[in-house]
Amino acid sequence: MTEIDRADFGKDFCWGVATAAYQIEGAWDTDGKGPSVWDEFTHGRGPLGLPRIKDHATGDVATDSYHRYEEDIALVAAMGFGAYRFSISWPRVMPSGTGGVNAAGIDYYSRVVDACLAAGVEPWVTLYHWDLPAALERRGGWTNRDIVGWYSDYVTAVVGALGDRVRHWMVFNEPLSFTMLGYLLGAHAPGRFGPRAFCAAVHHVNLATAEGTRAARAASSVDTSVGTTQYLTPVLASGIGPLADVAERNADAFLNRVFLEPNLGLGYPWDDCGLLRGIKRFHRPGDDELATIDLDFLGVQYYTRLRAPWLPVPGLWTVPHFGRDRSCELTSLGWEVRPEGLGMVLDRVHTYGRYDRIVVTEGGASFDDRVVHGRVTDNRRISYFQRHLAELRSARDRGVPVDGYFCWSLLDNFEWTFGYRPRFGLVHVDYGTQKRTIKDSGRWFANLLGGPGDVVSTG
Ligand code: FCB
């Protein structure tokens with residue numbers, strides 16, 4: 001067993017748990033909320049009428065956190081965490097995506113922020129976790145360059161309302177995931193396919209990262225820290241030799257560099273990845289400067305490693321796939337448990353020499369958890385966190401400025417196209433009754449962090 005002692009991480013280390021609006025809130029059409037692309041995607045059908053989501057699940061109710069946020073925040077505090085990362089649903093705040101603000105939507109998030117502060121929990125707010133207003137998708141969504149302005153206006157409205165109390169903002173959650181799955185592969189909302197839509201979306205998200213950060217800073221009335229989060233992964237080619245090197249460089253440009261480097265002022269790595277050359281079509285003079293932004297922190301999200309399959313045609317985009325090394329423990333989603341990969345991605349971003357502060361804003365594992373006599377024994381999740389925290393501690397010892405870790409997730413919740421089957425929470429949710437039960441992993445954190453470890457569930 002890997003020993004983890006809180007003192008090794010320093011007294012300013014940020015211990016947190018994370019969620020996202022569409023995955024937990026439910027109340028999809030309550031109090032004036034407009035539909036999001038995820039509402040439409042889950043309510044519709046895929047090509048040939050096939051279901052898009054396991055078990056036809058939707059986020060209509062999810063964990064009902066729109067109504068149960070007080071209990072959820074009490075759980076965060078009970079496990080001893082000092083920070084809660086949640087996201088704002090753009091269509092709850094601006095039902096049509098632009099123009100009028102829905103006062104009830106802002107009010108909801110204002111109550112969530114106040115409940116955090118009352119519980120001694122610092123709110124870390126993600127401004128975009130994939131639930132684009134459906135009205136904006138009809139105008140082209142992320143493929144329309146006008147979205148950079150729409151997004152900045154939305155950020156200004158939210159930060160203008162909450163920026164007197166919130167000190168940590170993240171402009172995006174994992175741009176790679178929603179552009180690749182949503183615009184290139186058609187697997188996530190809005191379900192669009194093809195390199196053209198993907199390249200346009202990538203470029204506009206990079207511009208919006210910079211513009212959104214500027215807007216958040218301008219609208220905040222307290223000393224604020226604005227960052228963004230990226231899904232990062234060590235890439236290993238499955239073959240050997242020069243073509244494997246090409247495959248590795250190709251996948252690395254596509255998976256890691258395409259959203260880091262434009263914001264660092266380094267432009268796009270399009271020479272290393274043929275697919276990214278399509279971005280040139282949407283790139284205008286002056287865009288490199290517009291996309292450059294000095295973030296206050298970088299959020300690193302790490303779950304598993306990927307492998308770039310060896311392809312004999314240099315310059316072609318290589319489809320990354322999850323490695324299936326059977327000698328390695330797999331989660332219920334078949335993801336390899338690879339703690340060393342966290343150290344690798346932390347070192348990797350540190351070598352840019354440009355990030356003064358790095359925070360791991362997501363990490364976690366799904367297992368088939370069950371409540372037995374009121375208890376969830378999830379020892380494999382405890383071991384997952386112990387091993388990843390040990391990697392993080394070693395990275396700190398090597399001088400990487402990483403000073404926070406957010407567990408994905410506070411609760412079991414709607415896991416996108418996998419529906420409700422994968423359970424990632426430190427807290428188990430019975431979807432029939434909405435009863436919350438802190439798992440053994442949550443109790444392990446309470447023990448580590450000095451939380452009381454329990455809370456009365458209203459069920
Ligand atoms: C991340 C997403 C998060 C959740 C976890 C398991 O990529 O940011 O919403 O789905 O994966």
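From a predicted model like this one, the values you see are computed outputs, not experimental measurements. Every number for a ligand or one of its atoms is a count from 1 in the order of the listing. When reading the values below, keep in mind they use all heavy atoms of this one structure, side chains included, and skip hydrogens, waters and symmetry mates.
Atom CZ of R167 sits in a sparse spot, with 12 or fewer heavy atoms from other residues, nucleotides or ligands closer than 6.0 Å.
Residue-ligand proximity, W416 to ligand 1, at heavy-atom distances under 4.0 Å covers atoms 3 (C), 4 (C), 9 (O), 10 (O). Which parts of ligand 1 touch Q301 is read off a 4.0 Å heavy-atom cut-off, strictly below it: atoms 8 (O). Within the listing of ligand 1, atoms 8 (O) sit less than 4.0 angstrom from a heavy atom of N173.
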Test ring-ring contact (aromatic ring centres under 6.0 Å, His included) applied to W28 and Y66, step by step
CA-CA 9 Å; W28 74 280; Y66 186 72; over 10 Å; no

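Polar contact with ligand 1: present for Q23 (N/O pair, distance under 3.5 Å). Not one N or O of Y231 is nearer than 3.5 Å to an N or O of ligand 1, by distance alone. For a threshold of 3.5 Å applied to N or O pairs, the pair formed by W335 and ligand 1 contains no separation below that value. The distance criterion of under 3.5 Å between nitrogen or oxygen atoms is not met by S177 with respect to ligand 1.
Using a 3.5 Å distance cut-off with no hydrogens or angles, the side chains of N173 and T126 do not pair a donor with an acceptor. For the residue pair H388 and Y302, no side-chain donor N or O sits within less than 3.5 Å of a side-chain acceptor on the partner. No hydrogens or angles considered: a donor-acceptor pair under 3.5 Å links the side chains of T361 and Q301. For the residue pair T42 and Y22, a side-chain donor N or O sits within less than 3.5 Å of a side-chain acceptor on the partner.
Using a cutoff of 4.0 Å between basic side-chain nitrogens and carboxylate oxygens, R348 and D252 are scored as salt-bridged.
The residue among Y303, F178, F424, W408 with a heavy atom at the shortest distance from atom 11 (O) of ligand 1 is Y303.
Looking at atom 7 (O) of ligand 1, its nearest protein heavy atom turns out to be E174 OE1, 2.6 Å. The nearest protein atom to atom 3 (C) of ligand 1, hydrogens excluded, is given as E362 OE1, 3.4 Å; this is a heavy-atom distance.
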